[in-house]
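Scroll down for the structure; my scribbles are underneath it.
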Amino acid sequence: MQVNTAIVNKIIRFSSVDGPGNRTVVFLQGCNFNCRYCHNPETIGACRQCGACIPYCKTNAITLVDGKILYDRDRCVNCDECFHHCPHGSSPKTERMTPEEVFEEVKKNMPYIRGITISGGECTLWRDFLVELLTLAKNVGLSTMLDSNGTYDFSKDKELMAVVDAVMLDVKAFDRSEHEKVTGIHNDMVLSNLRYLAECDKLFEVRTVAVPELFDTKHTVYETSRLLHEVGKQEGIRYKLIKYRPIGVREEYRSYETPTEEYMNQLRDIAYNNGMKDIVII
Ligand code: SF4
Ligand code: SF4
């Protein structure tokens with residue numbers, strides 16, 4: 001029988017910004033988007049075990065043994081030079097883990113956490129792993145959240161949805177071609193998930209990163225909040241409006257301006273006028 005595993009980029013023991021209450025957040029490696037403003041681009045690609053990052057590690061935390069990258073967490077000083085020099089948008093600082101192994105890490109944080117959030121990369125690329133890990137979490141009374149780019153058809157997966165309390169969904173751009181420009185992929189499934197998750201009360205939060213030079217952010221905020229109003233769910237769902245910041249962004253996409261406070265307030269007013277009550281600007 002094949003062992004169910006996922007490549008884990010990192011586990012943050014305590015976070016208060018990834019869903020309700022204090023939560024452990026698990027970041028899984030790999031994404032099917034290639035967002036221009038991604039501030040964790042090292043989570044996008046799979047490591048090709050090429051070894052090109054090894055010379056940049058001054059503490060010998062990375063070695064290539066029998067064609068496989070070995071990462072020594074104890075030697076690592078988190079300078080991040082390795083993934084800044086990876087030509088494949090990946091990181092050697094990952095670990096293939098079973099749901100049980102991840103859950104052992106989660107358990108160490110109980111009783112100080114209310115739940116777990118699985119993020120990425122795009123966590124739904126590891127669907128079977130999610131079902132197992134979230135089942136383990138639910139069995140001990142933890143709440144379960146996903147942070148997703150919305151490309152997975154949640155409406156067709158009852159088994160997964162039975163163990164997911166709610167999703168935090170990115171709406172990177174509402175217009176189809178603008179979404180393609182920002183991420184490399186159109187947004188048909190994202191918008192269908194926006195509606196589906198709102199209607200079945202499994203949408204905790206919608207997130208849009210404001211990059212007015214890249215796409216019409218006001219149009220996206222208007223249409224997203226209007227759709228939530230249309231399905232009558234504008235009040236219980238948070239809209240998080242995130243200022244683009246160049247931190248961590250790849251060199252070639254670092255030139256966008258960070259939106260002003262005034263611009264962000266205009267976005268908030270647009271969402272508010274469409275009935276959204278819980279609007280957060282960060
Ligand atoms: S992280 Fe990048 S550079 Fe390092 S081994 Fe993997 S693919 Fe190669
Ligand atoms: S982050 Fe860690 S593994 Fe990467 S180069 Fe720095 S010390 Fe080495």
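In listed order, ligands and their atoms are each counted from 1.
Residue Ile279 holds its CD1 atom at 8.0 Å from OH of Tyr272, rounded to the nearest 0.5 Å. Of the inter-residue distances, the one linking Asp170 atom CG with Asp147 atom CG reads 6.0 Å to the nearest 0.5 angstrom.
Of all protein heavy atoms, the one closest to atom 6 (Fe) of ligand 1 is Cys47 SG, 2.3 Å. Protein heavy atom in closest approach to atom 5 (S) of ligand 1: Gly51 N, 3.2 Å. Asp80 N, 3.1 Å is the protein heavy atom nearest to atom 1 (S) of ligand 2. Here the protein heavy atom with the shortest distance to atom 8 (Fe) of ligand 1 is Cys50 SG, 2.3 Å. Atom 2 (Fe) of ligand 1 has Cys86 SG, 2.3 Å as its closest protein atom, hydrogens excluded (heavy atom only).
Residue Ala61 has at least one heavy-atom neighbour below 4.0 Å for each of these atoms of ligand 2: 3 (S). The His88 neighbourhood of ligand 1 comprises atoms 7 (S), with distances under 4.0 Å to a heavy atom of that residue. Residue Arg48 approaches ligand 1 through these ligand atoms, each under 4.0 Å from one of its heavy atoms: 6 (Fe), 7 (S). Close approach of ligand 1 to Cys53 is summarised as follows: ligand atoms under 4.0 Å from at least one heavy atom of the residue are 1 (S), 3 (S), 4 (Fe), 5 (S). Each of the following atoms of ligand 1 lies closer than 4.0 Å to a heavy atom of Ser91: 1 (S). Atoms of ligand 1 lying under 4.0 Å from any heavy atom of Ile69, numbered from 1 in the order shown and given with element: 5 (S). Counting atoms of ligand 2 from 1 in the listed order, those under 4.0 Å from a heavy atom of Cys57 are 3 (S), 5 (S), 7 (S), 8 (Fe).
Defined by atom type and a distance below 3.5 Å, a donor-acceptor pair is present between the side-chain atoms of Tyr239 and Thr208. For the residue pair Ser225 and Asn274, a side-chain donor N or O sits within less than 3.5 Å of a side-chain acceptor on the partner. Side-chain contact annotation: Thr24 with Asn109, donor-acceptor N/O pair under 3.5 Å present. The closest side-chain donor-acceptor pair between Arg96 and Thr5 falls under 3.5 angstrom.
Within the 4.0 Å heavy-atom criterion, the part of Ile62 lying near ligand 2 is the side chain and not the backbone. Proximity of Pro87 to ligand 1, defined as any heavy-atom pair under 4.0 Å, is confined to the side chain (atoms from C-beta onward). Using a 4.0 Å cut-off between heavy atoms, Val77 contacts ligand 2 through both its backbone and its side chain. The residue Arg75 has no part lying near ligand 2, judged by heavy-atom distances below 4.0 Å.
Look at Cys82 and atom 4 (Fe) of ligand 2: an N/O/S atom of the residue is under 2.8 Å from the metal. For atom 6 (Fe) of ligand 2, the set of nearby N, O or S atoms under 2.8 Å includes none belonging to Cys76.
Between Glu261 and Lys243 there is a salt bridge, since a side-chain N of the basic residue sits under 4.0 Å from a carboxylate O of the acidic one. At a threshold of 4.0 Å, the pair Arg226-Glu223 counts as salt-bridged, since one of the basic side-chain nitrogens sits closer than that to a carboxylate oxygen.
Between the side chain of Asn22 and the backbone N or O of Tyr112 there is at least one donor-acceptor pair closer than 3.5 Å. No donor-acceptor pair under 3.5 Å is formed between the side chain of Arg207 and the backbone N or O of Lys240.
Taking a 6.0 Å sphere around CD of Glu262, one finds it holds 12 or fewer heavy atoms contributed by other residues, nucleotides or ligands.
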